[in-house]
Amino acid sequence: MDFESILATSEVRTHPVIKFDSYLSLDLSKDNEALKQIDLNSEWDFGAFIFGQIKQSQKTVGIGGYGEERSLYSRSDLFEGEEPRTIHLGVDIWCDAGTTVYCPMEGVVHSFANPNVHGDYGPVIILKHQIGLFSFHALYGHLAVSSLEGLVVGKQFQVGDKLASVGRYEENFHWPPHLHFQTMISMQGHIGDYPGVCKASEQDDFLANCPNPSRFIC
């Protein structure tokens with residue numbers, strides 16, 4: 001039974017990772033011509049592009065990105081290489097800094113970190129969740145530094161508990177405020193980290209291990 005089927009047939013109570021009244025589906029793909037007209041290295045330009053669309057649509061937040069091929073990662077050396085990483089493995093929820101992030105279902109802290117690398121997650125928390133004999137992990141990236149205070153591996157969270165807050169631009173290593181939310185069947189040996197973007201040549205394997213987490217968003 002696959003991830004979606006297990007979630008659909010289980011009786012586990014869930015809670016949205018972020019509360020919102022309405023949302024705009026945001027397109028940050030390489031095919032979006034409007035993105036080519038802005039300076040992605042500018043906090044003001046990139047943020048104004050995203051939040052300007054949300055405001056214009058009269059929605060609360062912007063959501064999108066799962067499996068999306070993006071060219072915007074050229075703003076950071078973190079994603080470069082002979083074959084750059086371009087495929088987004090999670091879902092982004094673009095919202096105000098300080099927005100509360102909730103635990104979507106009962107879980108324990110697997111690991112956490114605050115990588116000091118431009119373009120990375122900034123403060124990140126990874127939880128382990130269990131449904132019967134099936135377990136998976138969820139990554140919450142671009143958080144406020146305060147979200148890591150008092151956190152320890154093994155700490156338990158109940159469904160609907162406040163887990164964290166969305167970080168400011170300066171805290172989440174130069175991204176406009178948003179939550180990067182991603183699920184992983186296996187951590188594949190990673191501690192306090194898991195790739196949020198992969199190479200196009202590796203997307204089949206990565207997307208199989210990182211199923212669409214939208215079940216916990218809307």
Side-chain angles (χ1 to χ4, degrees), residues 16-99 101 115 117-124 139-144 165-183 195-204 206-207 210-218:
V17 292
I18 284 181
K19 294 179 180 179
F20 54 86
D21 297 324
S22 58
Y23 73 93
L24 170 69
S25 294
L26 275 176
D27 175 14
L28 298 181
S29 73
K30 66 179 182 61
D31 298 320
N32 187 345
E33 292 295 326
L35 272 177
K36 299 175 183 178
Q37 311 304 315
I38 66 171
D39 179 5
L40 296 174
N41 289 306
S42 165
E43 170 188 1
W44 170 255
D45 287 355
F46 194 15
F49 173 81
I50 289 172
F51 290 101
Q53 289 189 76
I54 296 172
K55 183 177 181 180
Q56 186 176 15
S57 70
Q58 298 184 326
K59 305 298 184 183
T60 310
V61 301
I63 297 178
Y66 179 72
E68 190 172 62
E69 185 171 8
R70 296 173 168 178
S71 57
L72 56 85
Y73 296 114
S74 60
R75 68 198 298 269
S76 170
D77 293 339
L78 180 66
F79 305 99
E80 292 302 305
E82 186 174 342
E83 180 189 357
R85 293 189 287 144
T86 58
I87 307 298
H88 192 248
L89 299 173
V91 171
D92 290 330
I93 306 177
W94 303 89
C95 55
D96 292 335
T99 296
V101 179
V117 179
H118 179 267
D120 211 325
Y121 294 123
V124 58
L139 182 151
Y140 309 79
H142 305 297
L143 305 175
S165 299
V166 173
R168 303 186 313 274
Y169 179 86
E170 298 82 2
E171 294 179 293
N172 66 43
F173 286 89
H174 306 288
W175 291 98
H178 73 288
L179 173 71
H180 173 94
F181 179 58
Q182 180 174 324
T183 50
V197 184
C198 74
K199 300 174 182 178
S201 62
E202 300 174 339
Q203 64 179 314
D204 290 347
F206 270 100
L207 290 173
C210 302
N212 193 331
S214 295
R215 169 77 160 70
F216 300 109
I217 295 175
C218 300

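On a predicted model such as this, the values are computed, not experimentally measured, just so you know.
- With values rounded to the nearest 0.5 angstrom, Asp96 atom CG is found 12.0 Å from Ser165 atom OG.
- Looking at Tyr66, Tyr140, Trp94, Tyr121 one by one, the single match for ring-ring contact (aromatic ring centres under 6.0 Å, His included) with Phe181 turns out to be Tyr140.
- For the atom pair CD1 of Ile93 and CD1 of Ile217, the computed distance is 4.5 Å after rounding to the nearest 0.5 Å.
- Lys59 contributes atom NZ, which lies 12.0 Å from atom CG of Leu26 (distance to the nearest 0.5 angstrom).
- In this structure a side-chain-to-backbone donor-acceptor pair under 3.5 Å is present from Asn32 to Asp27.
- Nearest heavy-atom pair, Val101 versus Leu143, reported as atom, atom and distance to 0.1 Å: CG2-CD2, 4.3 Å.
- Between atom OG1 of residue Thr183 and atom CZ of residue Phe216 there is a gap of 7.0 Å, rounded to the nearest 0.5 Å.
- Note on ring orientation: taking the six-membered ring where Trp is involved, the planes of His180 and His142 are perpendicular (angle over 60°, cut-offs 30° and 60°).
- In this structure, the separation between OG1 on Thr60 and NZ on Lys55 is 14.0 Å, given to the nearest 0.5 Å.
- Although no hydrogens or angles enter the test, the distance criterion places no donor-acceptor pair under 3.5 Å between the side chain of His178 and the main chain of Asp92.
- The two residues Pro115 and Gly122 have their closest heavy-atom pair at CD-O, 3.1 Å.
- Once rounded to the nearest 0.5 Å, the distance linking CD1 of Ile54 with CD1 of Ile63 reads 9.0 Å.
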Could you go through the side chain to side chain donor-acceptor pair (under 3.5 Å) check for Asp31 and Ser29 one step at a time?
CA-CA 5 Å; Asp31 298 320; Ser29 73; 4.5 Å; no
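- The two residues Pro176 and Tyr169 have their closest heavy-atom pair at N-CD1, 4.0 Å.
- Of all the heavy atoms in Gly65 and His88, the pair that sits closest is O-ND1, 3.0 Å.
- Checking side-chain atoms of Arg85 against main-chain N and O of Val197 turns up a donor-acceptor pair under 3.5 Å.
- Contact between Cys95 and Val166 at its shortest, heavy atoms only, is SG-CG2, 3.8 Å.
- Judged by distance alone, the side chain of Gln203 and the main-chain N or O of Thr86 form no donor-acceptor pair under 3.5 Å.
- Closest of all the heavy-atom pairs between Gly167 and Pro177 is O-CB, 3.7 Å.
- Crowding of Phe206 atom CZ: a count of heavy atoms from other residues, nucleotides or ligands under 6.0 Å exceeding 12.
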